[in-house]
**Student:** 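Can you keep this structure in mind? I'll have questions shortly.
Ligands are counted one by one from 1 in listed order, and the atoms in each one are counted from 1 as well.
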Amino acid sequence: MVSLDLVRKAARLLSGRRDAVALTGAGISVESGIPAFRGAQGLWEKYDPGEYATLHAFMRSPRKVWSMLSELLSACEGATPNGAHLGLAALERMGILRSIITQNVDGLHQAAGSRRVIEYHGNMDALVCVSCWKRFPARDRCAEGGVPVCECGQILKPDVVLFGEPIPWLAQEQAEEEAGSCGVLLVIGTSAEVSPACNIPVLSREAGAAVVEINPEPTHLTRTVTDIHIPGPASEIVRILVSELSRAVLPLSETGPRD
Ligand code: APR
């Protein structure tokens with residue numbers, strides 16, 4: 001049962017400060033049918049990330065890594081935004097949420113209508129050649145299964161950040177700028193186990209932001225940087241948050257915040 005008091009406390013913070021940023025993880029897409037990585041049904045319960053999700057493993061045995069990637073790709077292809085993705089897009093239109101930093105590669109925030117999305121770990125929708133760097137939409141080259149190859153004959157890799165790869169430079173810069181200047185950081189559906197994404201809430205807190213965590217489970221953030229932890233599923237909590245804020249916020253033009 002979601003605590004209405006905690007949601008209302010978070011809503012008061014958001015309507016008071018009005019320059020919130022969201023950091024999202026796999027948990028926000030679980031209700032869209034995409035498995036999370038950790039926890040009971042997590043992808044890493046089935047595939048050891050050390051063998052299936054590092055750049056070294058990909059270059060050494062691309063076919064093996066593609067067997068995991070194609071499972072993730074088909075889950076993403078069949079998924080549609082849930083109430084949490086749609087609610088965050090509504091908060092952006094209301095001028096309350098400024099941007100989203102997502103660790104997810106499923107494109108569901110953009111599909112829900114969010115415009116300012118920083119893809120911290122890339123996106124499954126694009127493939128890039130490891131040799132000539134030519135890019136292709138995933139749907140064009142993954143149909144036949146197996147390891148997709150470039151016109152030059154070399155293997156194609158999804159444009160996602162595997163373990164051992166750096167975060168795309170621009171995404172890192174934008175995320176640090178947004179996290180370091182927001183009034184509230186909403187942390188939704190992440191175990192906060194993976195660096196450097198897990199340092200973003202610390203950066204926000206040190207810059208004076210309030211941190212609101214939405215997750216059925218506590219994480220190590222809960223005891224260290226979180227101001228309000230709202231236990232429960234993201235779609236229900238974000239839906240209630242939007243409804244509370246819709247009552248509290250004066251009607252704004254659809255284009256965004258008042259000048
Ligand atoms: N609503 C909100 N949170 C949820 C829900 C839900 N319905 N269901 C699960 N969660 C929470 C879990 O409690 C967990 O804390 O979502 C979190 C998912 O954690 P992970 O699976 O570790 O996903 P994430 O934090 O995004 O992983 C970070 O690790 O493997 C890498 O690159 C991968 O981007 C990924 C990164």
**Student:** Nearest protein heavy atom to atom 10 (N) of ligand 1, by residue and atom, and its distance?
**Tutor:**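 The closest heavy atom on the protein side is Gly27 CA, 3.6 Å.
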**Student:** Below 4.0 Å from any atom of ligand 1, is there a heavy atom belonging to Pro216?
**Tutor:**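 Pro216 counts as a contact of ligand 1 under the 4.0 Å cut-off.
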**Student:** Parallel, tilted or perpendicular: which one describes the rings of His85 and His109, with boundaries at 30° and 60°?
**Tutor:**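 His85 vs His109 ring planes: perpendicular.
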**Student:** Heavy atoms only: which of Gln103, Glu193, Glu31 is nearest to atom 7 (N) of ligand 1?
**Tutor:**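 Answer by nearest heavy atom: Glu31.
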**Student:** Can a non-hydrogen atom of Asn215 be found less than 4.0 Å from any atom of ligand 1?
**Tutor:**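 Yes, Asn215 has a heavy atom closer than 4.0 Å to ligand 1.
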**Student:** Within a distance under 4.0 Å of any heavy atom of Ala26, pick out the atoms of ligand 1 and give their elements.
**Tutor:**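 Numbered from 1, ligand 1 contributes 23 (O), 24 (P), 26 (O).
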**Student:** Note the single closest protein heavy atom to atom 36 (C) of ligand 1, along with its residue, its atom name and the distance in Å.
**Tutor:**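 Scanning the protein heavy atoms, the shortest distance from atom 36 (C) of ligand 1 goes to Val194 CG2, 3.8 Å.
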**Student:** Give the residue, atom name and distance (to 0.1 Å) of the protein heavy atom nearest atom 33 (C) of ligand 1.
**Tutor:**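 Looking only at protein heavy atoms, the one closest to atom 33 (C) of ligand 1 is Phe37 CE1, 3.7 Å.
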**Student:** Hey, does Tyr120 sit under 4.0 Å from ligand 1 if you only count heavy atoms?
**Tutor:**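 Tyr120: no contact with ligand 1 (<4.0 Å).
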**Student:** Taking the side chain from Trp66 and the backbone from Leu156, do they hold a donor-acceptor pair closer than 3.5 Å?
**Tutor:**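 Judged by distance alone, yes, a pair lies under 3.5 Å.
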**Student:** Determine yes or no for a side-chain-to-main-chain donor-acceptor pair under 3.5 angstrom, with Asn104 supplying the side chain and Ala26 the backbone.
**Tutor:**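 Looks like yes, one N/O pair under 3.5 Å.
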**Student:** Using a strict 4.0 Å cut-off to heavy atoms of His121, name the atoms of ligand 1 that fall inside it.
**Tutor:**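 Result: 32 (O), 34 (O).
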**Student:** Is there side-chain contact between Pro218 and Arg223, with at least one heavy-atom pair below 4.5 Å?
**Tutor:**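 No, side chains not in contact.
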**Student:** Let's go through Val149 and Gln154 carefully: what are the C-alpha distance in whole Å and the side-chain angles of both, what is the deciding distance for side-chain contact (heavy atoms from CB on, under 4.5 Å) to 0.1 Å, and is it a yes or a no?
**Tutor:** CA-CA 6 Å; Val149 289; Gln154 290 303 315; over 6 Å; no
**Student:** For Thr219, does its backbone N or O pair with a side-chain atom of Thr222 as donor and acceptor, under 3.5 Å?
**Tutor:**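 Checked: pair present.
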